[in-house]
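Let me begin by presenting the structure, written as C-alpha cells, before commenting on it.
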Amino acid sequence: MNFKSKIYGGLFLFNAFVGVAQEKDSIPGKVNHLEEVVVTGQYNPQSVKKSVFEVKVITRADIDRQAGNNLADLLNQTLNINIIPNASTGKSGVQLFGLDSQYFKILVDNIPVINDEGLGNNTDLTQINLDDIQQIEIVEGSMGVDYGANAVSGIINIITKKSSEHKWEVTPYIQEETVGKEYNFKDKGRHIQSIKIGHNFSDKFYANALFTRNDFKGFWNNRMGENYLFNDGLRGYEWLPKQQINAKSLLAYTTKNYRLFYKFEFFQETTDRFSADVQMNENPATQTNNPVAKDEIYTSTRYYHHLNASGKLSDNGLNYDVSFSYQQQNRDLEKYNYRIRSQEHFGTENLEYEYRKAFYSKGNFSNFLKNDTYNVQLGYEINSINGYVTSLAGFFNGENIKRELNSYDFFTSSEINLNKRFSIRPGIRLLLSSQFDQQAALSLSSKYVFDNGYELRGIVGTAPKLPTYEELYTYMVDVNHNIQGNPNLNPEQGKSVFLHLKKDSKLNESFTMQNKLSAWYLDVKDRIEMIIIQNSPLVYQYNNIDVYKTWGLSLTNTAKYKNFTGNFGVTFAGTAKVLDSSTDSNDDFLYAVQLNANASYLVPKWETVFSAYVKYNGPQYQFVGRTNEQNQTVTERGKQNPFTWLDATVKKSFLNKSLEATIGARNILDITTINTTAAEGGAHTGAATNILMGYGRSYFLKLLYKLNF
C-alpha cells in the first residue's frame with residue numbers, strides 16, 4: 001500500500017479534564033471543599049484553577065442522583081448538547097453546536113471507543129455504560145493536537161474508577177422504569193440488574209469486576225407488538241426493543257512513582273426489528289390463515305482491551321503515560337420469516353453486517369526540564385483500523401467492502417508560565433496516513449488571572465474530520481438507485497475560538513458562587529454531503545461542498561448555600577450552513593436559544609436529596625430546498641418547534657448509608673415527537689414532518705446496596 005504523508009496538526013487543545021477527587025459518600029447539595037484536580041491533557045495533575053483549560057465535569061454524585069445508566073440517560077440536561085435518538089435503529093447520537101456525532105469524540109480513560117460505525121465518533125450513547133464511572137469530563141471546541149482527527153466540536157472523556165478505600169466492595173442494584181405509560185415484568189418497560197465487586201489484595205493491588213443487564217422492551221405507543229396478526233401497519237414497535245449485556249474487569253497496581261492497569265470489557269446488544277408488512281397466507285381449503293412477516297435481529301458485540309502505564313522515572317524525573325488498546329466490534333444480522341399465529345421461525349439467513357477492529361496506542365512524555373516556568377510535552381498516537389462495511393446505509397447487495405486505514409500521529413506542546421498570572425500553551429500535531437493527503441493543525445491556549453479574582457481563558461484550535469466508511473465506500477447501484485461513495489474525498493477542516501471569563505466567589509463559609517461567560521466561533525470547511533452529479537439517469541455521490549459556521553454566547557452560574565445547590569445557564573447561538581450545491585443556497589445566520597437549570601436540596605435529618613432538572617430547547621431554523629409549483633428548487637427557512645425536558649428525582653439513604661433508593665420521573669412534560677419543517681429529504685425519501693425525541697413521561701425506581709468492609 002502506498003502511504004501518503006499527512007501532517008495532522010492541532011493548534012492546541014484545551015485539554016483539561018477536571019478529576020474531582022473521589023468523594024466519600026458524597027451527597028449532592030452539600031458544599032464540598034475537596035479541590036478539583038485536572039488530570040487529562042496535563043503534564044502533571046494540578047488544580048483546576050491552575051489549568052490553562054476550561055472543562056465541564058459531571059461527577060459520580062451527579063450520575064447517581066439522575067439514576068443514569070448510560071450516556072443517553074445523562075446528557076439530555078447538558079447545555080449546548082442535544083441527544084438525537086433514532087427509533088428505527090434503537091441508537092442515540094450526540095449533537096454539539098449543531099454538529100452531529102461524526103464531529104464529536106467519546107473516549108474512556110483517554111482511549112477512543114470503537115463502535116459499529118467508527119472509533120470514537122458516531123458512538124451510540126446507549127452503548128456506553130456508566131456503572132464503573134468516577135466522573136465525566138466535557139471539552140468543547142476543535143482539539144486536533146491532543147485528540148487528533150474528528151475532535152471538531154468537542155470530546156467527552158469518561159474517567160473510570162481504579163481504586164477503593166475498602167478491602168471489599170460489593171455493590172448490587174436493580175432499576176425498574178416505565179417506558180411512557182407502558183410497564184409490566186414481561187414485555188413492557190425497562191429492567192436493569194447490575195452487580196460490582198471490588199477488592200484490594202494489598203495496598204498496591206486492586207481489582208474489580210462488573211456485570212450489568214439492561215433490558216429495554218421497546219416503546220409500543222400505538223403499535224401492537226410482535227404477535228399482531230393483521231396487515232394494517234400496526235405490527236411491531238414505535239421504538240425498537242433491545243437487550244444489553246455488559247461485563248467489565250479491572251486490574252490495577254499502584255506504587256509511589258507509577259501505576260499500571262489493565263481494563264477489559266465485553267458488550268453485547270441485541271436489537272429486534274419487526275416488520276409492519278404482514279402476509280396473510282390464507283388457506284381456502286381450511287378457511288384459516290397463519291400470517292407471516294419478515295423480521296430481523298441485529299447483534300452488536302464489542303471487545304475492549306486497554307493496558308496503561310503511567311508515572312515518573314524518579315521523584316523529579318520524566319513523566320510518562322502510555323496506553324495500548326485492542327478493540328473489536330461487529331454487527332451481525334439475522335433475517336428470518338415468522339409465522340405469527342404459531343410463533344415459528346423459518347427461512348433464517350445469517351449475515352455479517354459490519355465489522356471493525358482497531359489497534360490503538362498513545363503516549364505522552366513530559367517534565368524533560370526541571371523548571372517551574374517552562375515545560376514541554378511530546379507524544380505519539382498510532383491507529384490501525386480495518387474491517388468491512390456492507391454500506392452503512394444498508395443498501396449494498398454484493399461483496400463486503402474491506403478497507404484499512406492507518407495513521408501515525410506525533411504531537412508536541414509547551415506550557416509557559418510567564419508569571420503567576422499569565423500562562424500560554426502552544427501545540428502542533430503531525431499525521432502520516434494511509435489514505436489522505438497531508439494535514440496540519442495547531443493550537444494555542446492561554447490563561448490570565450486578574451486582581452479581582454476573574455480568570456480569562458482563551459482557546460484556539462483546529463481538527464480535521466475524516467470521511468466515514470459510508471462516505472468513502474457506499475455502493476448502491478441497481479435499476480432504481482445509483483448512490484456511490486467517493487474514495488477521493490478530502491478531510492473536512494474544523495477550527496474554533498473559545499473565550500471563558502470566570503469568577504469564583506466565597507461570600508462566607510456557607511455561600512459560594514461561580515459565574516462564567518463563554519463566547520465561541522466554530523467553522524467547518526469542505527463539509528461532505530451527498531449531491532446529485534448526474535440528472536439523467538439520476539446519480540448521487542458524496543462530495544466536499546458544504547460550509548458550516550456557528551457563533552454563540554453562554555452564561556452559566558452555580559450557587560451553593562448550606563445544603564442547597566443550584567445551576568442556571570443560557571446559550572444564544574447563530575448557525576450558518578449550506579446544505580446542498582444549488583446556486584441559491586442561503587448561508588445567513590439563523591439563531592436559537594437554550595436554557596437549563598437544576599437544583600438539589602439535602603435534608604440531613606432524612607438523609608434525602610431532592611433534585612430537579614429542566615432544559616428548554618428553543619426553536620431551531622434551517623434553510624432547506626423545496627420544489628415550487630413550477631418544479632423549481634427554491635430555498636426556504638424551515639423551523640423545528642421548541643420543547644422542554646423536565647426531570648425530578650428523590651434519593652434517600654437507609655441503614656447507615658448502605659442502602660440507597662432513588663425514585664424519579666423523566667420527561668415529565670411528556671415529549672414524544674417534535675414538528676419540523678427544517679428537515680431535508682434523502683436520496684429517495686421525502687423530508688420528515690416530525691422528529692421522534694422521546695417516549696413520553698416515564699417513572700423509575702432504583703435500589704442500590706453497598707456492602708463495604
Side-chain angles (χ1 to χ4, degrees), residues 69-75 83-86 88-96 99-130 133 136 147-158 160 212 214 216 240 242-248 263-271 298-306 325-333 352-360 383-394 400 403-405 407 465-473:
N69 177 260
N70 58 52
L71 273 181
D73 293 337
L74 197 65
L75 296 180
I83 305 302
I84 310 298
N86 187 331
S88 64
T89 64
K91 298 183 177 183
S92 291
V94 62
Q95 186 182 79
L96 180 61
L99 293 168
D100 63 26
S101 54
Q102 296 183 58
Y103 301 84
F104 194 84
K105 212 161 191 175
I106 293 180
L107 309 101
V108 175
D109 294 319
N110 287 307
I111 299 296
V113 180
I114 204 166
N115 57 76
D116 289 328
E117 300 178 15
L119 181 66
N121 300 91
N122 289 309
T123 303
D124 177 6
L125 300 186
T126 68
Q127 293 186 358
I128 305 298
N129 178 273
L130 303 180
I133 305 306
I136 296 171
Y147 297 108
N150 305 326
V152 175
S153 62
I155 67 162
I156 289 178
N157 195 11
I158 299 170
T160 61
T212 301
N214 185 345
F216 176 74
L240 298 184
K242 62 182 179 181
Q243 178 177 281
Q244 296 177 343
I245 300 295
N246 209 274
K248 301 180 182 180
K263 286 183 63 68
F264 169 77
E265 178 184 359
F266 169 79
F267 171 85
Q268 187 171 80
E269 176 185 271
T270 303
T271 305
Y298 290 88
T299 303
S300 292
T301 305
R302 178 171 71 233
Y303 296 92
Y304 171 95
H305 304 267
H306 179 192
S325 176
Y326 174 79
Q327 302 179 54
Q328 173 183 320
Q329 182 145 334
N330 54 284
R331 193 176 190 212
D332 298 325
L333 170 61
E352 294 179 323
Y353 187 65
E354 294 166 358
Y355 173 81
R356 187 168 280 100
K357 64 181 180 180
F359 170 78
Y360 178 92
N383 250 315
S384 179
I385 307 171
N386 65 73
Y388 60 75
V389 58
T390 57
S391 165
L392 297 180
N400 293 332
R403 292 291 185 269
E404 182 174 349
L405 177 62
S407 63
K465 179 256 171 189
L466 301 182
T468 65
Y469 266 41
E470 178 182 2
E471 293 163 347
L472 290 168
Y473 306 124

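Throughout, residue positions are numbered sequentially from 1 according to the sequence presented.
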Shortest non-hydrogen contact from [X] toward [Y]:
| X | Y | result |
| --- | --- | --- |
| I83 | S92 | CG2-CB, 4.1 Å |
| S300 | Q329 | CB-NE2, 4.1 Å |
| N383 | Y360 | OD1-CD1, 3.3 Å |
| L99 | S153 | CD1-CB, 4.0 Å |

Practice task
Could you walk me through whether I114 and Y304 pass the side chain to side chain contact (heavy atoms under 4.5 Å, CB included) test, one step at a time?
Solution key: CA-CA 8 Å; I114 204 166; Y304 171 95; over 6 Å; no
Whether the side chain of [X] engages the backbone of [Y] through a donor-acceptor N/O pair (distance < 3.5 Å, no angle test) should be reported.
| X | Y | result |
| --- | --- | --- |
| Q327 | L119 | no |
| D109 | T160 | yes |
| N86 | K91 | no |
| R302 | Q127 | yes |

Quick one: are [X] and [Y] in side-chain contact, heavy atoms under 4.5 Å?
| X | Y | value |
| --- | --- | --- |
| L130 | I136 | yes |
| Y147 | N110 | yes |
| L71 | T123 | no |

Problem - More than 12 heavy atoms of other groups within 6.0 Å of Y303 OH - result: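 Not buried by this count: 12 neighbours or fewer within 6.0 Å.
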Distance, nearest 0.5 Å, that separates [atom1] of [X] from [atom2] of [Y]:
| X | Y | atom1 | atom2 | value |
| --- | --- | --- | --- | --- |
| N214 | N129 | CG | CG | 8.0 Å |
| Y298 | T270 | OH | OG1 | 13.5 Å |
| L125 | I84 | CG | CD1 | 10.0 Å |
| I106 | I111 | CD1 | CD1 | 15.0 Å |
| N70 | I133 | CG | CD1 | 11.0 Å |
| F104 | N122 | CZ | CG | 12.5 Å |

Problem - Q268: side chain to side chain contact (heavy atoms under 4.5 Å, CB included) partners, not counting sequence neighbours - result: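 Counting only residues at least two positions away or on another chain, Q268 forms a side chain to side chain contact (heavy atoms under 4.5 Å, CB included) with F266, T299, T301.
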Practice task
List in chain and number order the residues that pass side chain to side chain contact (heavy atoms under 4.5 Å, CB included) with N121, two or more places apart in sequence or in another chain; answer none if no residue qualifies.
Solution key: K105, N150
Practice task
Please lay out, stage by stage, how V108 and E265 fare under the test side chain to side chain contact (heavy atoms under 4.5 Å, CB included).
Solution key: CA-CA 11 Å; V108 175; E265 178 184 359; over 6 Å; no
Handout entry: salt bridge (Lys or Arg N to Asp or Glu O under 4.0 Å) involving K263 - partner list, sequence neighbours excluded
Key =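 For K263 the salt bridge (Lys or Arg N to Asp or Glu O under 4.0 Å) partners, ignoring immediate neighbours, are D132.
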Practice task
Quick one: do E269 and T126 satisfy side chain to side chain contact (heavy atoms under 4.5 Å, CB included)? Show the steps, please.
Solution key: CA-CA 10 Å; E269 176 185 271; T126 68; 4.1 Å; yes
Practice task
Begin with the C-alpha distance, continue with both residues' side-chain angles, and end with the deciding distance and a verdict on side chain to side chain contact (heavy atoms under 4.5 Å, CB included) for I385 and R356.
Solution key: CA-CA 7 Å; I385 307 171; R356 187 168 280 100; 3.8 Å; yes
